[in-house]
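The structure appears right after this line, and notes come after that.
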Amino acid sequence: MMPDEPTLTKKVEPNRLPGWVIVLSLAALVGFLAIIGSSLNKKSTPAFKIGDPIPEFTLTSFSGETYNSSELQGKVVVLNFWASWCVTCADEAAALQKVWTEMQPGGNVLFLGIAWTDTEVDALAYMDRFGITYPSGPDLGTKVSQLYRISGVPETYIYDTAGNLAAVKIGPFESETEIRSIIEGLLPEG
Amino acid sequence: MMKSRRVLSSFSVMLMLALLAANASQALAQSPVSVTDDDVNRVASQLYCPVCENVTLDVCPTDICARWRESLRGKLALGWTDQQVIDYFVAQYGASVSGIPPKEGLSMLLYGVPPAAAVLLLAGGFLIVRKYKAVKPAATSPASPAAARSDGYRKKLEDDIEKELER
């Protein structure tokens with residue numbers, strides 16, 4: 001019998017990080033993934049759905065008039081995002097202007113053009129080229145386009161007389177008739 | 001006679017100086033600051049295309065970028081500094097064009113999280129190193145009683161085997 005036989009193998013304790021470090025790291029990872037997920041989800045969903053009220057924003061046109069969205073109720077508002085470098089915007093520019101010319105005298109409709117990431121010189125040249133007379137202004141700091149989370153240009157948001165979103169058009173309008181029919185459907189009868 | 005000639009000559013010198021000064025200021029007013037492509041690219045490389053992701057303005061091939069570069073060239077020609085041009089573009093087109101997140105809202109996380117993560121990593125690394133340092137000597141030191149016991153047993157075992165072999 002061997003007295004006090006020591007074992008040849010030594011039980012090695014695994015090196016573990018303190019519990020609070022593991023918990024904190026996991027919480028940080030989950031939080032980081034949640035922020036990324038929320039951001040991606042936000043980007044992929046439209047900012048406004050049909051029926052939503054017009055958000056608060058201010059637009060100063062190239063000619064210096066200021067339009068506050070909260071003061072536009074009572075009119076059908078056609079909010080069109082465009083850019084002079086955008087080829088498809090040019091496709092609908094003449095149609096928008098034609099419908100504006102027809103509907104402006106009634107006083108129940110307001111077209112607002114928002115020039116997105118455009119230089120003033122190019123934007124004014126574009127307006128001149130298509131004879132655009134409805135108010136248009138630069139989206140300073142891209143604040144309005146960020147508010148609407150636009151995915152590109154052209155994009156058009158049409159509000160009814162109560163100031164609620166009634167129609168959204170992503171991409172250019174096919175024809176004047178398309179624009180006219182949407183607006184006429186929102187105007188009070190008579 | 002002598003005096004009037006001196007007055008006349010000093011008058012003509014003054015006239016010449018005045019003409020030269022007027023000419024120089026006119027020339028300065030007419031020619032804007034000369035701007036090279038390198039100047040434009042230097043500033044453009046700090047700005048991002050608004051429609052294509054992660055492409056700086058100096059290498060962006062789109063029409064809008066070409067227009068922005070021209071606008072940028074115009075500002076530099078007016079004598080604006082690089083920072084003034086960048087500030088103008090940020091004011092016009094938003095913070096995303098500068099590639100520097102604004103210090104507001106969720107973007108603040110981008111400023112706070114990396115330093116906090118670095119501190120946590122350093123603290124974690126320090127703890128691990130300290131733990132290893134504390135464990136290693138105990139496991140390998142021959143002076144420890146367990147190791148000494150183990151060596152004694154090993155020697156006894158080897159002696160026994162040798163004795164058995166000698167028989």
Side-chain angles (χ1 to χ4, degrees), chain A residues 2-29 31-32 34-36 38-39 42-43 83-87 89-90 115-123 125-126 137-147 150-153, chain B residues 48-51 62-72 74-75 88-97 102 106-107 109-110 113-114 116-117 119-121 123-136 138-140 144-154 156-157 160:
Chain A
M2 292 258 194
D4 192 23
E5 258 182 39
T7 51
L8 285 176
T9 53
K10 185 178 186 298
K11 196 181 172 190
V12 179
E13 284 278 322
N15 282 311
R16 279 203 175 157
L17 286 172
W20 65 269
V21 174
I22 297 171
V23 170
L24 208 68
S25 305
L26 280 175
L29 185 68
F32 185 63
I35 289 169
I36 291 177
S38 143
S39 167
K42 207 173 160 188
K43 268 189 180 175
S84 65
W85 47 266
C86 154
V87 178
C89 297
W116 183 61
T117 63
D118 222 334
T119 61
E120 187 168 342
V121 176
D122 292 320
Y126 174 92
D139 183 13
L140 288 179
T142 58
K143 283 181 184 154
V144 187
S145 52
Q146 283 184 48
L147 188 64
I150 65 164
S151 54
V153 277
Chain B
Y48 284 81
C49 165
V51 288
T62 63
D63 183 31
I64 170 96
C65 289
R67 292 179 186 201
W68 276 23
R69 281 195 295 270
E70 275 318 295
S71 167
L72 191 159
K75 307 280 180 243
Y88 168 81
F89 272 79
V90 169
Q92 287 287 312
Y93 308 115
S96 60
V97 300
L106 267 184
S107 300
L109 283 175
L110 296 170
V113 168
V119 168
L120 275 176
L121 279 173
F126 173 74
L127 283 174
I128 289 169
V129 168
R130 203 175 63 168
K131 197 161 189 174
Y132 267 107
K133 273 190 171 171
V135 166
K136 260 191 174 174
T140 57
S144 69
R149 261 206 320 268
S150 171
D151 283 352
Y153 177 66
R154 186 188 181 93
K156 191 175 178 334
L157 199 66
D160 286 350

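Letters go in sequence order (proteins before strands), and every chain restarts at 1.
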Would you sort out whether V51(B) and W85(A) count as a side chain to side chain contact (heavy atoms under 4.5 Å, CB included), showing the intermediate values?
CA-CA 11 Å; V51(B) 288; W85(A) 47 266; 3.4 Å; yes
Whatever's closer than 4.5 Å to a heavy atom in chain B on S145(A) counts as neither
The interface call for V90(B) against chain A, heavy-atom contacts under 4.5 Å, is backbone
Residues at least two apart in sequence or cross-chain that pass side chain to side chain contact (heavy atoms under 4.5 Å, CB included) with T62(B), listed by chain then number, are C49(B), C52(B), C60(B), I64(B), C65(B)
Inset, instruction - Please answer whether the main-chain N or O of D139(A) pairs with a side-chain N or O of Y93(B) as donor and acceptor at a distance below 3.5 Å. - result: no
When rounded to the nearest 0.5 Å, the distance separating CH2 of W116(A) from SG of C86(A) is 9.5 Å
Residue from A123(B), G94(B), S71(B) scoring the most non-hydrogen pairs under 4.5 Å with chain A is G94(B)
